[in-house]
Amino acid sequence: MKISSFALTDIGKMRSLNEDAFLLDDDLHVYAVADGLGGLPEGALASNLAVQHLQETLISKTSNGTPDYEKVFHFINQKIFKVGRKISSETGIGTTLTVVKLNGEEMTIGHVGDSTVFLFRADNCQQLTTDHTMEQDVIDRLGPDASLDTPSFYAHTLTRCIGQEDTIVTDILHHQLEEGDRILICSDGISKTLSGDELLNELSAAATPEDFLRTVIQLINNDHGGPDNSTGIAIFID
């Protein structure tokens, strides 16, 4: 399969600092987005450390096949947890981390937090990852309609992230790829601003991953006020 990819990050209109980070490695076919927690100190440091340690770990331990996500995420979590306790013994630091590895016709995902992986196939949009948020916990327990009665901050309050505890539970997902698939890995500045249908609409008009991401971020900033940092990696499978 031919893979084309593009990554883009934007500070948005409401933030004074971009606390997102990403990794795009077409040689290893590894792609990741990390979103530092703005409610904690040094969100940008946390996200950049996550990406840095991810790249170091994958280059040293694997070039083919599927990473051992449990070990990789545990290693990254330990590193960030220790740094965070030096910065603030009371709060620490934290970040989301969502990683995609492509190996032939298989995609594997390692995921903690509320960054998102979308799969676009045959005019459908599917969110592959589950948000680790208070809102999602309510939905899981009471059904999707229950989210209508939850406070707005529930959607942005994480129940799981990298760096807050000395252990971490990692979601690990496997999906088969097909010709024509489109993948978007993004921070919640994209996923919580535009719906899947809106993303699909912009994707249908985009000739390249770069066209898609530039249009999406322009739409978020111009039509939705750029409420957060927006970071995405678009991958086209042909």
Side-chain angles (χ1 to χ4, degrees), residues 1-9 20-35 47-77 79-80 95-122 124-130 162 168 170-188 190-191 199-200 202-203 206-214 216-217 230-238:
M1 289 186 178
K2 178 185 176 183
I3 298 171
S4 56
S5 64
F6 184 77
L8 188 62
T9 187
D20 290 354
F22 67 83
L23 171 66
L24 185 155
D25 191 325
D26 279 327
D27 292 328
L28 293 178
H29 291 156
V30 175
Y31 311 89
V33 167
D35 181 355
S47 62
N48 279 279
L49 282 175
V51 167
Q52 174 187 325
H53 289 311
L54 172 68
Q55 188 171 32
E56 292 169 354
T57 303
L58 292 179
I59 288 174
S60 65
K61 294 185 178 180
T62 181
S63 59
N64 296 302
T66 302
D68 187 333
Y69 280 122
E70 288 188 0
K71 289 185 178 179
V72 169
F73 273 65
H74 174 74
F75 173 78
I76 295 168
N77 184 70
K79 289 287 189 179
I80 295 176
T95 181
T96 73
L97 180 61
T98 301
V99 183
V100 166
K101 174 72 164 73
L102 304 183
N103 184 31
E105 296 181 359
E106 183 179 41
M107 170 173 61
T108 60
I109 301 168
H111 169 69
V112 171
D114 67 345
S115 295
T116 305
V117 179
F118 290 104
L119 174 65
F120 303 91
R121 176 182 293 171
N124 290 307
C125 173
Q126 180 183 3
Q127 180 173 332
L128 302 182
T129 50
T130 299
I162 298 288
I168 193 70
T170 304
D171 289 356
I172 302 173
L173 310 167
H174 301 267
H175 291 272
Q176 290 299 119
L177 296 172
E178 296 180 4
E179 182 179 353
D181 282 351
R182 305 296 187 241
I183 302 161
L184 173 64
I185 315 161
C186 62
S187 63
D188 67 342
I190 293 177
S191 61
L199 292 169
L200 185 60
E202 298 304 328
L203 183 64
T208 66
E210 181 175 357
D211 290 341
F212 174 52
L213 280 181
R214 292 196 183 280
V216 162
I217 290 179
S230 296
T231 299
I233 302 174
I235 306 166
F236 285 17
I237 309 294
D238 294 302

Can you tell me how far apart [atom1] ([X]) and [atom2] ([Y]) are? Round to the nearest 0.5 Å.
X: N124; Y: L119; atom1: CG; atom2: CG; result: 9.5 Å
X: T208; Y: R214; atom1: OG1; atom2: CZ; result: 9.5 Å
X: Q52; Y: I80; atom1: CD; atom2: CD1; result: 9.5 Å
X: L203; Y: F120; atom1: CG; atom2: CZ; result: 5.5 Å
X: T57; Y: K71; atom1: OG1; atom2: NZ; result: 12.5 Å
X: F22; Y: L54; atom1: CZ; atom2: CG; result: 13.5 Å

Evaluate whether atom [atom1] of [X] has more than 12 neighbouring non-hydrogen atoms of other residues, nucleotides or ligands under 6.0 angstrom away.
X: H29; atom1: NE2; value: yes
X: Q176; atom1: CD; value: yes
X: E105; atom1: CD; value: no

Min side-chain heavy-atom separation [X]-[Y] under 4.5 Å:
X: R182; Y: D238; result: yes
X: I190; Y: L199; result: yes
X: I168; Y: I162; result: yes
X: V99; Y: V72; result: no
X: L184; Y: L213; result: yes
X: F6; Y: L8; result: yes
X: V100; Y: I233; result: no
X: V33; Y: D20; result: no

* **With S115, the side-chain contact (heavy atoms from CB on, under 4.5 Å) member among T231, I185, T98** =>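 Filter result, single survivor: T98.
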
* To do: Report the residues that fulfil salt bridge (Lys or Arg N to Asp or Glu O under 4.0 Å) with E178, sequence neighbours left out, ordered by chain and then residue number.
  =>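 Partners of E178 by the salt bridge (Lys or Arg N to Asp or Glu O under 4.0 Å) criterion, ordered by chain and then number, come out as R121.
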
* In chain order, what residues pass the salt bridge (Lys or Arg N to Asp or Glu O under 4.0 Å) check against E106, with sequence neighbours excluded? ->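 Applying salt bridge (Lys or Arg N to Asp or Glu O under 4.0 Å) to E106 gives none.
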
Can you name the side-chain contact (heavy atoms from CB on, under 4.5 Å) partners of [X], sequence neighbours left out?
X: S4; answer: P209, F236
X: S47; answer: A21, A34, T95
X: Q127; answer: T116, F118, T129, D131
X: H53; answer: L49, E56, F75, I76, K79

* With no hydrogens and no angle check, is any side-chain donor or acceptor of K101 less than 3.5 Å from a backbone partner on G110? ->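 Not at all, since once roles are kept as given, no pair shorter than 3.5 Å links the two residues.
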
Does [X] have any side chain to side chain donor-acceptor pair (under 3.5 Å) partners at least two apart in sequence or in another chain, and if so, which?
X: D35; result: none
X: S230; result: none
X: N77; result: none
X: D26; result: S5, Y31

* To do: Before giving the answer on side-chain contact (heavy atoms from CB on, under 4.5 Å), spell out for L128 and H111 the whole-Å C-alpha distance, their side-chain angles and the decisive distance to 0.1 Å.
  => CA-CA 10 Å; L128 302 182; H111 169 69; over 6 Å; no

* **Test log, rule side-chain contact (heavy atoms from CB on, under 4.5 Å), inputs T96 and D188** => CA-CA 10 Å; T96 73; D188 67 342; over 6 Å; no

* Are H174 and T108 linked by a side-chain donor-acceptor pair shorter than 3.5 Å? ->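 There is no such pair (donor and acceptor under 3.5 Å, judged by atom type) between the side chains of H174 and T108.
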
